[in-house]
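See structure below.
The figures here come from the full heavy-atom set of this structure, side chains too, leaving out hydrogens, waters and symmetry mates. For ligands, and for the atoms within them, numbers begin at 1 and follow the listed sequence.
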Amino acid sequence: MAPGLEIGSEQKNQQIQQQEDEAPQSFTSNAYSSINRKETVAIIGSGNWGSVAAKLIASNTIKLNGFHDEVRMWVFEEILPCGNKLTHLINQKNENVKYLPNIKLGPNVVADPDLENAVKDATMLVFVTPHQFMEGICKRLNGKVRSDAKAISLIKGMEVKMEGPCMISNLITEQLGIDCSVLMGANIANEVAVEKFSEATVGYREDKRIADKWVQIFTTPYFLVSSVRDVEGVELCGTLKNVVAIAAGLVDGLDMGNNTKAAIMRIGLREMRAFSKLLFPTVHDNTFFESCGVADLITTCLGGRNRRVAEAFAKNKGKRSFDELEAELLQGQKLQGVLTAREVYEVLSHRGWQELFPLFTTVHEICIGHLQPSAIVEYSEHTPKFSLVEGSAQYY
Ligand SMILES: NC(=O)c1ccc[n+]([C@@H]2O[C@H](COP(=O)([O-])OP(=O)(O)OC[C@H]3O[C@@H](n4cnc5c(N)ncnc54)[C@H](O)[C@@H]3O)[C@@H](O)[C@H]2O)c1
């Protein structure tokens, strides 16, 4: 479909009327005031998961009345080996031939290599790039997005700054001055792409109506989304499970079996919860039982790319670096777990918490070659030392 083209329908009109009838009379912020307007969605990022997000959202905007059909997707431009630009091929074939081949994105998805152009009309911004690029992207977008826009981050990872850890949702809010929710869950992109049933969790900050909008544009019969008022809890679950997945991959590479892997996952979940609650005491225990928590941990430790590359790392006895294995096995896709392990380690060492988080600490030390992969099960001889950090025992 040509950019800007709309598909009208009676069903869409009925939905708008219903939304207007149900909407409260006044909202207090820009994001709230746009809640009743026809929304325009843009996606910032177009990798494996970004392309699936485009497919999910486009299938909804085309049929829901409160949304413009077109979904603009910013693509980090690449020239492919065939000599073509990635954006040209996406628009020509309606497929992301590099990051999600053989899946149609929907006729209303438009790939755009111009970041500012992609976001300029958007009232709903979906951020889904590897987290290491977000600081630069936010700088480029500063002052360029609509003040009444709202954002959601599908990004797993955090930035560690001098003043402490900064979650990506927070980075977006700080740099762009807009509300930011998060969506995380047990969602290996290639499985969602072929419409296998799965669930996801939206974490929102204050207003349930904003969460409902996000739930509306992501939910399909095969992708069920629910919401919880716990941005940090949801985001930290999605971020930290990648560190545990590295540990699970090491266990697989060492052929240690299912009991060991289950033990590593349990200890990892415990450290995820303790770390999250020590950083943000507002984080809810229940969040760890949502799709973003235990379910994402399970799927990532069984099937994700962090597990896979860590397995190869252990099989090679740590002699081939994660960078080398990432380039060979993932072909342009990015590994998040190793970076996140380093970021978590920086937080732990800055606060003197290493002994409280033996799994997280050990994963980082294995990744940088200070410990052998087999150390992943040796750390468990040291139980966390609660007395080091006041109040920490209650989180274990
Ligand atoms: N793939 C999954 O199964 C999955 C599932 C849930 C969440 N996520 C999260 O989604 C986020 C995005 O992952 P993905 O799988 O869509 O990406 P990906 O790893 O498949 O692809 C990498 C992307 O980064 C882009 N890129 C490369 N260099 C860049 C640069 N300098 N600046 C900006 N972009 C650049 C590439 O064009 C490509 O779009 C990550 O935070 C990931 O943790 C992924």
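- In summary, the atoms of ligand 1 found under 4.0 Å from a heavy atom of Lys334, numbered by their order in the structure, are 19 (O).
- Scanning Asn242, Ile44, Val75, Asn48 for the heavy atom closest to atom 18 (P) of ligand 1 points to Asn48.
- One finds no salt bridge joining Asp252 and Arg308 here, because no Lys/Arg side-chain nitrogen approaches an Asp/Glu carboxylate oxygen to under 4.0 Å.
- Atoms of ligand 1 lying under 4.0 Å from at least one heavy atom of Gln336, given by number and element, are 43 (O).
- Looking at Ile155 next to ligand 1, no N or O pair under 3.5 Å apart turns up.
- Residue-environment remark: CZ (Phe133) exceeds the threshold of 12 foreign heavy atoms within 6.0 Å.
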Pair up each side-chain donor or acceptor in residues 187-198 with any protein partner under 3.5 Å, not counting sequence neighbours, and list the distances.
{"from": "Asn187", "atom 1": "ND2", "to": "Glu199", "atom 2": "O", "distance (Å)": "2.9"}
{"from": "Asn190", "atom 1": "OD1", "to": "Asn48", "atom 2": "ND2", "distance (Å)": "3.0"}
{"from": "Glu195", "atom 1": "OE2", "to": "Lys55", "atom 2": "NZ", "distance (Å)": "2.8"}

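- Residue contacts with ligand 1: Gly157 is excluded, as none of its non-hydrogen atoms falls under 4.0 Å.
- For ligand 1 and Ile188, the ligand atoms under 4.0 Å from any heavy atom of the residue are 3 (O).
- Ile172 places a side-chain heavy atom less than 4.5 Å from the side chain of Cys138.
- In this structure, atom 40 (C) of ligand 1 lies nearest to the protein heavy atom Thr129 O, 3.8 Å.
- When Lys241, His131, Lys156, Gln331 are ranked by how near their heavy atoms come to atom 43 (O) of ligand 1, first place goes to Lys156.
- Salt bridge present: Arg205 and Glu232 bring a charged side-chain N and a carboxylate O closer than 4.0 Å.
- Side chain of Asn170 to backbone of Cys166: no donor-acceptor contact under 3.5 angstrom is found.
- Contact atoms of ligand 1 toward Pro130: 12 (C), 22 (C), 23 (C), 24 (O) (distance under 4.0 Å to a heavy atom of the residue).
- When Trp49, Phe76, Trp74 are checked for heavy-atom proximity to atom 28 (N) of ligand 1, Phe76 turns out nearest.
- Set against the non-hydrogen atoms of Leu154, the atoms of ligand 1 under 4.0 Å away are 7 (C), 9 (C), 10 (O).
- Nearest non-hydrogen protein atom to atom 36 (C) of ligand 1 is Tyr99 OH, 3.4 Å.
- By the 4.0 Å N-to-carboxylate-O rule, Lys104 lies close enough to Glu95 to be salt-bridged with it.
- No salt bridge links Lys120 with Glu116; every basic N to acidic carboxylate O contact stays at or beyond 4.0 Å.
- Those atoms of ligand 1 that come under 4.0 Å of a heavy atom in Asn187, given as number and element, are 3 (O), 5 (C), 6 (C).
- Ring geometry for Phe357 against Phe360 counts as parallel: the plane angle stays under 30°, on a 0 to 90° scale with 60° as the upper cut.
- Numbered from 1 in the order shown, with element, the atoms of ligand 1 that lie under 4.0 Å from a heavy atom of Ala189 read 1 (N), 2 (C), 3 (O).
- Residue contact check for ligand 1: Ser46 places a non-hydrogen atom closer than 4.0 Å to it.
- Residues Val283 and Phe288 have side chains in contact (heavy-atom distance under 4.5 Å, counting atoms from C-beta outward).
- Contact between Arg305 and ligand 1 is present, with at least one heavy atom of the residue lying under 4.0 Å from the ligand.
- Remark: Lys213 qualifies as a cation-pi partner of Phe67 under the 6.0 Å distance and 45° angle criteria applied to the six-membered ring.
- Ranking the protein heavy atoms by distance from atom 34 (N) of ligand 1 puts Phe133 CD1, 3.4 Å first.
- By the 4.0 Å heavy-atom criterion, Glu78 is counted among the residues contacting ligand 1.
- Contact atoms of ligand 1 toward Gly50: 16 (O) (distance under 4.0 Å to a heavy atom of the residue).
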What side-chain donor-acceptor pairs closer than 3.5 Å can you find for residues 296-305, not counting sequence neighbours?
{"from": "Asp296", "atom 1": "OD1", "to": "Thr300", "atom 2": "OG1", "distance (Å)": "3.0"}
{"from": "Asp296", "atom 1": "OD2", "to": "Lys156", "atom 2": "NZ", "distance (Å)": "3.0"}
{"from": "Thr300", "atom 1": "OG1", "to": "Lys241", "atom 2": "NZ", "distance (Å)": "3.1"}
{"from": "Thr300", "atom 1": "OG1", "to": "Asp296", "atom 2": "O", "distance (Å)": "2.5"}
{"from": "Arg305", "atom 1": "NH1", "to": "Lys334", "atom 2": "O", "distance (Å)": "2.6"}

